[in-house]
Every structure is written in C-alpha cells, then in structure tokens.
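The next block holds one structure in the form of structure tokens; read it before the comments.
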Amino acid sequence: VVVVDKNVERLESCAQIVDGAKLLREGEIVAFPTETVYGLGANALSDQAVAKIYQAKGRPSDNPLIVHIADLTQLKQVVREVSERANRLIEAFWPGPLTLIMPKSAQVADLVTAGLDTVGVRMPDHPVALALIKQANVPVAAPSANRSGKPSPTTAEHVRTDLNGRIPYLIDGGTAGIGVESTVLDVTVEPPLILRPGGITAEQIAAVIGEVRLDPALQADAGETPRAPGMKYTHYAPGGDMWLVEGEADKVAVKMKELLEQAKSNGLKTGVLVPEEFASIWEAEPCADIVISCGSLQHLETVAQNLYASLRMFDEFQVQSIISMTVPKTGIGITIMNRMEKAAGGQVIRV
Ligand code: TXA
Ligand code: MG
C-alpha cells in the first residue's frame, strides 16, 4: 500500500499512479481516492476486468457501476449522446460529485450497467483519481471500495479493513473530502430525477436546470422499487442494530435514554451518535458505552464528512445497539438522512 501526496507537482510521474494505471490497463482492479469516497476501479470497456469488482465487493450483479472519466473525450466513448441539459450540468458541476445517467454507448461493458441501456458517468474532482484515469487512458468503472452493504470508505484504512487480500492495489490519497457519494441524476427523463441524493444538492441542480425531482421511491415508506438498483439494498450499515430518534430535542433525549436502558438491560454494548452540539450532554451522563459526535448541525457538510467513519467506529468497538439523533432534511441533510435511514434499516422513531 502506498501513500500519494495529492499536492505533489507532477502526479502523473508518481510511481503509484504509473503502477495503478498499468494495472488498470492490464485488466486488474485498483482502489483509489475520489473527493466523495474511495472507489474500486476497473477498465469500463472490459467485462472481464469489471467482473473482478463484483467479485471483490461481493456485490449483486444487478447493481450497475458508475463510470469515471478524466476528460470530455472519454465522455464521447461511453455515451451515445449528451443532451443540451446534460451539457449545462457538466459545465456547472464537473469535475465534481454529480453522476449523470445517459444513454450508454456500445463500447461500455455490459457488466458495468447490469444490462441497462443507460450508464452513469462522472468526472471526479480529485487530482489522484484524474491522474490515474488519464494515465490508464480508459474510462474507469468504480463503485465505492467497501464490501457490499458496509458504509462506504472515506479513508484508505477503511478500504483495507474491507478488502485486504481481495484487491491487488490501493492508492492512499488521505481522507475523502465530501464523505458521501455523488448525487445520481437521471437526465434521460422529464423532469430529471435524483435517483440517489449525494454531494450536490437538489437546490444546486435546480439552480442550473430548473425543475428536478427526488425519486419518490426514496421516501422511507414509499413501497415502490427505487430506480437506482443500488438504493433497494440495505446499505451503509454498521454491524450493530441502529435506531434513529427524530423530533423535538428534549423528547428525543428522553426516548434515546429509554432505548439505551432497554438495550443495556438486555446486556448489549451501546453507542450514541449525535451532532457535536449535543456531545457534551451525552458524555456527561453514563447512558451509553460510547458516544460518537459526528460534525456540527451548523455545518451539515461536516456531518456528511464524518458519517461513515463514525458508523465504522461503532463496529470497531463492537457496539451492538446504536441510538442516533437525526439532522434536518435540508440541503446535504437530505443525503445524510438517506444514508442514516439505510444504515438503520428504516428503523426510525418519531417522538
Ligand atoms: O461518489 C460516488 O458516486 C462513488 C465514487 C467511487 O465515485 N461511487 C459510488 O458507486 O458510489 P456505487 O456503485 O457504490 O453506486 C452507484 C449507484 C448505485 O445506487 C447504482 O444502482 C446507481 O448508482 N446506478 C449506476 N448506474 C445506473 C444506471 N444506469 N441507472 C440507474 N442507477 C444507476
Ligand atoms: Mg456503494
């Protein structure tokens, strides 16, 4: 395992980039940092290479992968056409955490799209990712570099925990900046649909193209099948049983304590997940075995940055019962709550 300083001046001649790119060209899989989470990449034009991703992750083969590109020439390789609307979004948000669903070209390996006629494409805003893809000189299919079902990795250490011995190469580029995955936006439908909320908010998208909707199937109790196949799986989940408690702060605290008492009386190791504004209150009271504070309510992007590492920390401490506060569903808060609800397997208590 190697560490790359993303600030070095000539990344393209870095041994790690050169070796990683060579492996990708040879049909191998390589884990690498992006601005959202770590990805596990393979040549998107080769079914044989892409098969190795599904195998290493233990990922269901009906869940399509995102193709990562380093420049717009590669975009032409992977899609049949780019609509005028897609072009405006590309101009506004690439490189960055926005994945666009577009008509797939014949060159893209069928395994990438799980047989769909569309492909998700994005240009990551990370110098290591861009240098790697550019040098590999092929578009790179890459899901998040976690074992299927686990929280996505925001550090190389997380990748190692999940995939050690299952992948030949990992490029360590430090902690991922955004901390949650890209927004997946289907621009082949009218109005465009957010299939997975992510690093770019609905408001940011609406400011560029006007009307945009969230896939209605993503509401907690929708009972419909989400349009992004990946969104139907239990996901981002820590090993322990997780409950979210939502409502007015005082009532939430009372309910959380009640749940903790219950778990304790069942002999379970307990954990609490709260925004830093509430951390000292919980630390002062010995209600839970561990209290993890996860960013500030004043700056929800800090909650996004810390969420997956926090969930993984509960696993490290082998916490069996996790009780969590929620955040407001505004801006990036929509993404955070989507991931928290999935991590909790839909177990939300409103008080
Ligand atoms: O930030 C990210 O997007 C990270 C980094 C590595 O770039 N990648 C990532 O990939 O999160 P993955 O494979 O874990 O999630 C891809 C999501 C899944 O929910 C998948 O079902 C959806 O995008 N998706 C991909 N292609 C699709 C398509 N053609 N139609 C509908 N949904 C698609
Ligand atoms: Mg994933």
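All values below were derived from every heavy atom in this structure, side-chain atoms included, with hydrogens, water molecules and symmetry-related copies excluded. Remember, it's 1-based here, ligands and their atoms both numbered in the order they're listed. Here the structure is a predicted model, which means the values were calculated and not measured.
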Give, for atom OH of Tyr169 and atom CD1 of Ile29, the distance between the pair rounded to the nearest 0.5 Å. 14.5 Å
In this structure, which one of Glu181, Arg122, His68 forms a side-chain hydrogen bond (donor to acceptor under 3.5 Å, both in side chains) with Thr34? Arg122
Between ligand 1 and [X], is the shortest N or O to N or O distance under 3.5 Å?
X      : result
Arg227 : no
Thr99  : no
Arg59  : yes
His68  : yes

Starting from [atom], find the nearest protein heavy-atom neighbour and note its residue, name and distance.
atom                    : result
atom 19 (O) of ligand 1 : Gly230 CA, 3.4 Å
atom 15 (O) of ligand 1 : Arg196 NH1, 3.1 Å
atom 28 (C) of ligand 1 : Ile101 CD1, 3.5 Å
atom 3 (O) of ligand 1  : Ser182 OG, 2.5 Å
atom 6 (C) of ligand 1  : Gly39 CA, 3.6 Å
atom 12 (P) of ligand 1 : Pro143 CA, 3.7 Å
atom 18 (C) of ligand 1 : Asn63 OD1, 3.7 Å
atom 22 (C) of ligand 1 : Ala228 CB, 4.0 Å

When you compare the side chain of Ser144 with that of Pro153, does any pair of heavy atoms fall below 4.5 Å? yes
Contact atoms of ligand 1, heavy-atom distance to [X] under 4.0 Å:
X      : value
Leu116 : 28 (C), 29 (N), 30 (N)
Val184 : 23 (O)
Ser144 : 8 (N), 9 (C), 10 (O), 12 (P), 14 (O)

Is a donor on one side and an acceptor on the other found under 3.5 Å between the side chain of [X] and the backbone of [Y]?
X      : Y      : answer
Glu246 : Arg350 : no
Gln347 : Met242 : yes
Lys264 : Leu259 : no
Thr201 : Gly331 : no

Is it true that [X] and [Y] have a side-chain N and a carboxylate O under 4.0 angstrom from each other?
X      : Y      : answer
Asp186 : Arg196 : no
Arg312 : Glu316 : no
Asp117 : Lys104 : no
Glu258 : Lys255 : yes
Glu211 : Arg213 : yes

Would you check whether Pro97 reaches within less than 4.0 Å of ligand 1, judged by its heavy atoms? no
Have a look at ligand 1 and work out which part of Leu195, if any, has a heavy atom under 4.0 Å from it: side chain, backbone, both or neither. side chain
Does Asn146 bring an N, O or S atom to within less than 2.8 Å of the Mg ion (ligand 2)? no
Considering Pro64, Ala142, Pro153, which one's heavy-atom position lies nearest to atom 24 (N) of ligand 1? Pro64
